[in-house]
Amino acid sequence: MPGFILHLTAAQMLRSHLHEHPDFPYPIQSVNDFLVGNLLPDATDQKELSHFRNPVYRDKMMVFPDLTRFTAKYNSLLSDSSVLGYYFHLYIDRRFFKDFIPEIVDFYDETGQITDIKEKISTVYIRNFQTYIPFEKYLTEEYYYGDYTKMNTYLVKRYLIPLNLNPQIINPGINEVQYGNVQQILDSLHEYLSVTEDAVNDLKVFPLNKLLASLEQYTIEFLSNPL
């Protein structure tokens, strides 16, 4: 999944473009609640439920939220800033895994054939860096998750991401997470700034400019057509 700081980056992008979309039907009444909402789907161990994934696809490498499952249940709550943030998190996850990741990596099975079944993947090709790596190295601090670590300080400074958010917000009716659990994520945010800003120059999976341009594109498309 995209890292916490990356979700807050997308949230800040949305805020920066909001004035360009006066017809957007869900004005953000509370910036704090909107930003916290962007972290809520990860504030549980039951992420298949909190991310509204269709269990039919759980064997896939890319399992993304089914937004219609969320809106069918909570469309009437989207005027609440935390719920809007929650929904935007799901939207970014969907675009990230459905559209972005397939543009930057390829997954191969043992026979050298492209596959999207997680258990069959043996090799990952990272396009931007023209590198083949064993699948067991992909989701590690050396590659995928390590890139998040290397980006965090840069993103916080570039997008002026506030990290001292107030978790004391009222849950208007979301059943998939306990709002209070987000405190653990908020407590950990500062820990993600353990590297210097220029660590972003040593990414091994994500082409930074393409990533940020894609996030901005997804954000603008969300503002134009959120449902």
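Here the structure is a predicted model, which means the values were calculated and not measured. In this chain, residues are counted from 1 in sequence order.
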**Prompt:** Do Gln29 and Pro27 have side chains that get closer than 4.5 Å, going by heavy atoms?
**Reply:** yes
- Backbone N or O of Ala11 within a donor-acceptor pair of the Asn38 side chain at under 3.5 Å? no
>> Test salt bridge (charged side-chain N to carboxylate O under 4.0 Å, His left out) on Lys157 and Glu197; report intermediate values, then the result.
In response: CA-CA 8 Å; Lys157 291 185 177 181; Glu197 188 174 354; 3.7 Å; yes
Margin query: Can a side-chain donor-acceptor contact be found between Asp198 and Thr196 if the only test is distance below 3.5 angstrom?
Written below: yes
| field | Test item: Asp33 and Asp80 side chains (from C-beta on) under 4.5 Å apart, heavy atoms | value | no
Minimal heavy-atom distance between Val182 and Leu40, with the atoms involved, is CB-CD2, 3.9 Å
All heavy atoms of Val83 vs all of Leu77, minimum pair found to be CB-O, 3.4 Å
- Side chains of Leu18 and Leu223 in contact at under 4.5 Å (non-hydrogen atoms): yes
Discussion item. I'd like to check Ser214 versus Asp99 (side-chain heavy atoms, cut-off strictly below 4.5 Å). Are they in contact?
Written reply: no
Margin query: Does Glu110, at its CD atom, have more than 12 non-hydrogen atoms belonging to other residues, nucleotides or ligands within less than 6.0 Å?
Written below: no
### Query
Does a donor on one side chain and an acceptor on the other come within less than 3.5 Å for Thr149 and Glu141?
yes
Heavy atoms of Thr219 and Ala10 approach each other most closely as OG1-O, 3.9 Å
message = Regarding Gln183 and Asp187, do their side chains bring together a donor and an acceptor under 3.5 Å, going by distance alone?
response = yes
Donor-acceptor contact below 3.5 Å, side chain Arg95 vs main chain Tyr218:
no
Worksheet item: Going through the distances and angles, do Tyr148 and Phe206 end up as a ring pair (Phe, Tyr, Trp, His ring centres under 6.0 Å)?
Response: CA-CA 9 Å; Tyr148 288 158; Phe206 296 103; 5.5 Å; yes
**Asked** Within a radius of less than 6.0 Å around CD of Glu221, do more than 12 heavy atoms belonging to other residues, nucleotides or ligands occur?
**Response** yes
ask   = Between Arg127 (side chain) and Pro102 (backbone), is there a donor-acceptor pair under 3.5 Å?
value = yes
Ring pair (Phe, Tyr, Trp, His ring centres under 6.0 Å) with Tyr132: of Tyr143, Phe107, Tyr125, only one passes, and it is Tyr125
- Query: Is it true that atom CD of Glu136 has more than 12 heavy atoms of other residues, nucleotides or ligands lying nearer than 6.0 Å?
  - Reply: yes
Query raised in the report: Where do Tyr138 and Val205 land on the side-chain contact (heavy atoms from CB on, under 4.5 Å) test, with the steps shown first?
Result: CA-CA 9 Å; Tyr138 176 60; Val205 176; 4.2 Å; yes
Check your understanding: Is there a donor-acceptor pair closer than 3.5 Å between any side-chain N or O of Ser50 and the backbone N or O of Pro41?
Key -> yes
With a 4.5 Å heavy-atom cut-off, do Asp109 and Ile121 have their side chains touching? no
Review point. Are any side-chain N or O atoms of Asn181 and backbone N or O atoms of Val177, one a donor and one an acceptor, separated by less than 3.5 Å?
Key: no
Hey, does the side chain of Ser81 reach the backbone of Phe34 with a donor-acceptor pair shorter than 3.5 angstrom?
-> no
* Asked: Do Thr123 side-chain atoms and Ile133 backbone N/O form a donor-acceptor pair below 3.5 Å?
  -> no
Original post:
Would you say the side-chain atoms of Asp147 pair up with the backbone N or O of Lys204, donor to acceptor, closer than 3.5 Å?
Top reply: yes
Closest non-hydrogen contact found for Arg94 with Asp66 is NH1-CA, 4.3 Å
Shortest non-hydrogen pair, Pro226 vs Tyr87, comes out as O-OH, 2.6 Å
Considering residues, nucleotides and ligands other than Gln184, do more than 12 of their heavy atoms fall under 6.0 Å from its CD?
no
In this structure, are over 12 heavy atoms from other groups packed under 6.0 Å from Ile114 atom CD1?
yes
Going by distance alone, is a donor N or O of one side chain under 3.5 Å from an acceptor N or O of the other, for Tyr108 and Ser122? no
Worksheet item: In terms of hydrophobic clustering (I, L, V, M, F, W, Y; side-chain heavy atoms under 4.5 Å; direct or indirect links), are Tyr26 and Leu14 co-clustered?
Response: yes
Flag for Glu176-His51: side-chain donor and acceptor within less than 3.5 Å
no
**Prompt:** Is there side-chain contact between Val156 and Leu193, with at least one heavy-atom pair below 4.5 Å?
**Reply:** yes
Decide whether Leu155 and Val31 are clustered together by the hydrophobic rule: side chain heavy atoms of Ile, Leu, Val, Met, Phe, Trp, Tyr closer than 4.5 Å, transitively. yes
d(Leu84 CG, Ser82 OG) to nearest 0.5 Å is 9.0 Å
**Prompt:** If you draw a 6.0 Å radius around NZ in Lys118, do more than 12 non-hydrogen atoms from other residues or ligands fall strictly inside?
**Reply:** no
- Query: Does Val124 belong to the same Ile/Leu/Val/Met/Phe/Trp/Tyr cluster as Ile117, with side-chain heavy atoms less than 4.5 Å apart forming each link?
  - Reply: no
Note: His21 and Ser224 closest approach over all heavy atoms is CE1-OG, 3.3 Å
- Out of curiosity, does Tyr145 fall in the hydrophobic cluster containing Val63 (side-chain heavy atoms, cut-off under 4.5 Å, transitive links)? no
### Message
Contact between Phe52 and Leu67 at the side-chain level, heavy atoms closer than 4.5 Å - yes or no?
### Response
no
Partner of Tyr91 under ring pair (Phe, Tyr, Trp, His ring centres under 6.0 Å), picked from Phe222, Phe97, Tyr86, Phe70, is Phe222
Sidechain-backbone polar pair: Tyr154 side chain, Asn201 backbone, donor-acceptor under 3.5 Å:
no
Following the transitive rule for hydrophobic clusters with a side-chain heavy-atom cut-off under 4.5 Å over Ile, Leu, Val, Met, Phe, Trp and Tyr, establish whether Tyr57 and Met62 coincide in one cluster. no
Requested in this report: Could you tell me whether the side chain of Ile220 reaches within less than 4.5 Å of the side chain of Met13, counting heavy atoms only?
Outcome: no
- Message: Keeping Asn171 on the side-chain end and Ile174 on the backbone end, is there a donor-acceptor pair under 3.5 Å?
- Response: yes
